[in-house]
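Here the structure is laid out as structure tokens; the discussion comes afterwards.
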Amino acid sequence: MAFEFGFFNDISRAFSPDLPRDLGTLDQHLDFILPKVIPYGEDLREENFWIGKRWKEVRDDEGFHEAILHIFNAGGEYLMSLDGNLIKGVWRKLGEYNTIIIEIAGRSELFDLRFLNPDFMILSKHGDQGRKGQRRFFCLIHERSARDLDWRNVMEKLFNVWRENSLSLWAWLFFLGLLAIIVYLSVR
């Protein structure tokens with residue numbers, strides 16, 4: 001069965017467009033990709049997707065070389081590891097909203113969930129961060145999936161969520177038509 005899914009993913013990639021190379025920053029990449037992948041995401045109620053996992057922070061800053069991990073444990077415990085040095089805090093969901101509050105070092109921040117799946121957790125700080133020169137997105141990738149990827153390769157991996165799930169009707173029709181022709185010619 002795994003072969004079949006891999007086969008269909010290969011077909012999907014063959015008929016799907018590539019991620020544009022001229023998007024620029026991480027925020028611009030996410031502006032382009034998020035509308036495509038949101039239908040394939042989960043929400044914060046699906047705690048098995050995000051609780052107890054090691055989430056590596058992704059940034060496009062030139063001077064960003066630290067290894068920052070974020071861990072959301074059950075019971076509201078939040079741990080941030082900066083190059084192995086732990087800072088403890090707390091997290092909590094805001095009611096039934098897809099919103100999380102993170103409190104650390106005397107500072108509280110409100111984040112809205114933008115996308116969640118087993119490999120990605122993308123949050124945006126509530127408010128208009130773009131006009132203040134701050135980054136708009138808080139991009140996290142499951143540490144096991146990161147494998148020393150730079151931020152552009154992480155964006156390609158996120159784009160693949162859409163490519164592997166959005167095989168268009170036309171691609172399926174083309175594939176089925178091609179298969180029918182092959183079967184027809186082999187029977188003759």
Side-chain angles (χ1 to χ4, degrees), residues 5-46 49-50 53-70 72 80 91 93-94 97-102 109-175:
F5 289 125
F7 178 69
F8 289 121
N9 286 343
D10 290 343
I11 292 170
S12 173
R13 286 185 186 186
F15 288 101
S16 298
D18 289 331
L19 181 63
R21 301 253 182 248
D22 60 348
L23 290 174
T25 67
L26 178 71
D27 284 353
Q28 291 166 327
H29 275 77
L30 289 169
D31 281 335
F32 179 81
I33 297 170
L34 283 174
K36 294 172 178 18
V37 298
I38 284 173
Y40 309 108
E42 306 297 334
D43 60 37
L44 292 176
R45 290 179 299 191
E46 305 292 332
F49 283 95
W50 60 285
K53 292 174 91 172
R54 294 164 52 130
W55 294 100
K56 182 178 179 183
E57 187 170 336
V58 178
R59 291 190 193 172
D60 62 351
D61 304 340
E62 286 293 322
F64 179 70
H65 301 291
E66 295 84 10
I68 301 177
L69 292 178
H70 301 268
F72 303 90
M80 184 175 77
W91 68 266
K93 289 188 292 186
L94 183 61
Y97 299 99
N98 263 333
T99 300
I100 189 169
I101 298 169
I102 299 174
E109 294 180 289
L110 180 68
F111 293 96
D112 295 318
L113 179 69
R114 297 298 306 276
F115 182 73
L116 175 66
N117 78 355
D119 292 325
F120 290 95
M121 183 177 194
I122 300 173
L123 306 166
S124 62
K125 191 169 178 182
H126 190 75
D128 188 9
Q129 302 304 315
R131 288 196 316 190
K132 298 175 186 173
Q134 299 175 0
R135 61 190 171 120
R136 293 179 25 238
F137 296 104
F138 186 34
C139 182
L140 305 172
I141 184 169
H142 187 223
E143 184 184 35
R144 190 176 331 146
S145 299
R147 286 179 258 141
D148 297 323
L149 298 176
D150 68 358
W151 73 268
R152 291 182 194 275
N153 289 326
V154 169
M155 291 298 98
E156 187 74 35
K157 187 173 183 70
L158 179 61
F159 189 66
N160 285 340
V161 170
W162 173 72
R163 280 202 297 207
E164 292 170 0
N165 286 293
S166 68
L167 189 56
S168 72
L169 177 61
W170 293 110
W172 275 108
L173 291 174
F174 177 79
F175 173 70

* Asked: Do L26 and F137 come close enough that some side-chain heavy atom pair is under 4.5 Å?
  -> no
* Structure fact -> Separation between CD1 (I141) and CG (D119), nearest 0.5 Å, reads 6.0 Å
* Locate the shortest heavy-atom distance separating L69 from K56; write the atom from each residue and the value. => CD2-CA, 3.7 Å
* To do: Test L113 against W50 for side-chain contact (heavy atoms from CB on, under 4.5 Å), laying out the working first.
  => CA-CA 12 Å; L113 179 69; W50 60 285; over 6 Å; no
* Pairs where residues 32-43 contributes a residue and the test salt bridge (Lys or Arg N to Asp or Glu O under 4.0 Å) is met, not counting sequence neighbours -> D43-R45
* Please report the shortest heavy-atom distance between I33 and M155, naming the atom on each side. => CD1-O, 3.5 Å
* For R152 and H29, run side-chain contact (heavy atoms from CB on, under 4.5 Å): C-alpha distance rounded to whole Å, both residues' side-chain angles, the deciding distance at 0.1 Å, then the answer. => CA-CA 9 Å; R152 291 182 194 275; H29 275 77; 3.9 Å; yes
* Can you find a heavy atom in the side chain of L158 that is under 4.5 Å from one in the side chain of L30? -> yes
* Mind checking whether R136 and D31 have side chains closer than 4.5 Å, heavy atoms only? -> yes
* Side-chain heavy-atom pair N160, E156 within 4.5 angstrom cut-off -> yes
* Quick one: side chain to side chain contact (heavy atoms under 4.5 Å, CB included) partners of R59, sequence neighbours excluded? -> E57, D61, F64, I68, R135
* Does the side chain of T99 come within less than 4.5 Å of H126's, by heavy atoms? -> no
* Would you give the length of the straight line joining atom NE2 of H70 to atom CG of L123, rounded to the nearest 0.5 angstrom? => 9.5 Å
* Structure fact -> dist D27:CG -> C139:SG (nearest 0.5 Å) comes out at 9.5 Å
* Measure the shortest side-chain to side-chain distance between I102 and M80 over non-hydrogen atoms and say whether it is less than 4.5 angstrom. => no
* Hey, can you tell me if F72 and W91 have their rings parallel, tilted or perpendicular (30° and 60° cut-offs)? => perpendicular
* To do: Please report the C-alpha distance between L44 and M121 in whole Å, then the side-chain angles of each, then the deciding distance to 0.1 Å, and finally whether the side-chain contact (heavy atoms from CB on, under 4.5 Å) criterion is met.
  => CA-CA 10 Å; L44 292 176; M121 183 177 194; 4.0 Å; yes
* To do: Side-chain contact test, heavy atoms from C-beta onward, threshold under 4.5 Å: evaluate it for F120 versus V154 and give yes or no.
  => yes
* Taking the side chain as every heavy atom from C-beta outward, state whether H142 and W55 have any atom pair closer than 4.5 Å. => yes
* Asked: Considering all heavy atoms of both residues, which atom of F115 and which atom of L34 are nearest to each other, and what is their separation?
  -> CB-CD2, 3.7 Å
